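Remember, it's a predicted structure, so these values are computed and weren't measured experimentally. Per chain, numbering begins at 1; letters A, B, ... match sequence-line order.
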Protein chains: 2
Amino acid sequence: MRNVKKRDTRMYIIEKAIPMFAAGGYSGVSMRHISQAVGTSAAALYHHFPDKQKLYFDAMSHAFTDKAEGITEALEGSGTPSQRLERFVDSFTELMGEDPDFRALLQRELLEGDKTRLKLVAEQVFSRPFQAMTALAEELAPDCDAHMLAISMAGLVLFHFETAPVRRFLPGGRSEHNDPKNIARHVTKLLLKALGGS
Amino acid sequence: MRNVKKRDTRMYIIEKAIPMFAAGGYSGVSMRHISQAVGTSAAALYHHFPDKQKLYFDAMSHAFTDKAEGITEALEGSGTPSQRLERFVDSFTELMGEDPDFRALLQRELLEGDKTRLKLVAEQVFSRPFQAMTALAEELAPDCDAHMLAISMAGLVLFHFETAPVRRFLPGGRSEHNDPKNIARHVTKLLLKALGGS
DNA sequence: GTCTATAGCCTGATAGAC
DNA sequence: GTCTATCAGGCTATAGAC
């Protein structure tokens, strides 16, 4: 029963660290900052994690693993390819809209994740949902490179969120453009037209 | 004539700092690191910049200002909307392919740029090229929200570069997918089909 | 314009009491 | 498991000689 307490504290630390790393990145958040948010001393963190790197890695893994399932579900269900595309775009947009920490961590890993960590995350977390995306892409447009089309599908959604903080200051920028429902509608329409979905 | 030397050194510092900030971000690069790359002491940097923030800001401004022009040109030339779209995608892809520092800095600013800096960059650097993009979007698809379509156009290109380090480990990932020419071809084809270009 | 020296603070990480 | 105390070093920024 000793382990129960330890695991809970460990998970509590991870859950406090996730939004901090999402906002400040690895080098922008110190162990002292995290310990303060957790409500403990910095030394105590080292009882649960051997060093800062491991804490960061575990926080990231936890943040990512949960999310991959929801996306895979939307992709592997039944229905015509067009219906599944629409469902994927909807659920992916909703996910990005409701969990900014996940999105920020994803951006950060793409930007500065080291190679071994990226490989691990790609193979253990994103491989399955991405495979489902390429399968759908293949059905939708057999004449197109499925890998590239899958990336385009994800990028179309993600970029609207990534640019939200700057679009406010760009010509034609309005707050409706940040509404996940509008983003999903725009992206679905664009993709269905491009891929001649029925 | 005193200023000439000072300006040169100042610019030299900026040019050394740009790739470092692109790789490590603001908090990941110290004044000592920069001074070492420049070949001077840390104290000397403070003769040219009042503090680290200002050095970062000036480096960013310099990295961005140059680039905006090339994009605007491709958009404002003559030709049918479809031709101009193709030319925009080509030049934008080429730019991203040949200047990874610019791309990384752009990603970083979207991720963690503070509001006043984003406003400045948006209004002074990206406003004109983005306006040209929305104008093109309007011509291509009057029934579509021009602002959202312009974002989609940029996002389609950028995301293929952003994901390059991780796509290597994803199903179907091949090195050809990183070739700017292939990316441009894929994106152009997708957009022209979606927008019914002639 | 650049240097050395240094102030004052923050960093990751450890030692050892409880 | 958590604490206080601490180490060794890095950080931004400044002072003052040259």
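- The phosphate of dC3(C) has OP1 or OP2 within less than 4.0 Å of a side-chain N or O from T40(B).
- With sequence neighbours excluded, no residue forms a ring-ring contact (aromatic ring centres under 6.0 Å, His included) with F159(B).
- Atom-to-atom, OH of Y46(A) to C1' of dA13(C) comes out at 5 Å; the value is rounded to the nearest Å.
- The aromatic rings of Y26(A) and F21(A) sit parallel, their planes meeting at an angle under 30°, below the 60° perpendicular limit.
- Counting non-hydrogen atoms of other residues, nucleotides and ligands closer than 6.0 Å to CZ of R117(A) gives a total above 12.
- The stretch residues 20-38 of chain B does not touch DNA chain C, since none of its heavy atoms comes less than 4.0 Å from the strand.
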Please report, to 0.1 Å, the donor-acceptor pairs under 3.5 Å made by any side chain of residues 169-176 of chain A, with sequence neighbours excluded.
{"unit_1": "R174(A)", "atom_1": "NH1", "unit_2": "E176(A)", "atom_2": "OE1", "d": "3.2"}
{"unit_1": "R174(A)", "atom_1": "NH2", "unit_2": "D145(B)", "atom_2": "OD2", "d": "3.4"}

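- Rounded to a whole Å, the CD atom of Q53(B) is 17 Å from the P atom of dC11(D).
- For H47(B), no side-chain nitrogen or oxygen approaches OP1 or OP2 of dT2(C) to under 4.0 Å.
- The aromatic rings of F126(B) and F102(B) lie tilted to each other, with the angle between the two planes from 30° to 60°.
- Counting only heavy atoms from C-beta on, H48(B) has its side chain closest to dT2(C) among dC3(C), dT2(C), dT2(D).
- What separates CZ of R10(B) from C1' of dT2(C) is a distance of 17 Å, to the nearest Å.
- Rounded to a whole Å, the CZ atom of F49(A) is 15 Å from the C1' atom of dT2(D).
- In this structure, CG of L45(A) is placed 11 Å from P of dA13(C), rounded to the nearest angstrom.
- Whole-Å rounding puts the D51(B) CG to dC11(D) C1' distance at 14 Å.
- Side-chain atoms of S152(A) and H186(B) include a donor-acceptor pair closer than 3.5 Å.
- Rounded to an integer number of Å, the gap from L55(B) CG to dC11(D) C1' is 15 Å.
- Panel note: side chain T40(A), backbone Q36(A); no donor-acceptor pair is recorded below 3.5 Å.
- At whole-Å resolution of the value, NZ in K52(B) and P in dG10(D) are 15 Å apart.
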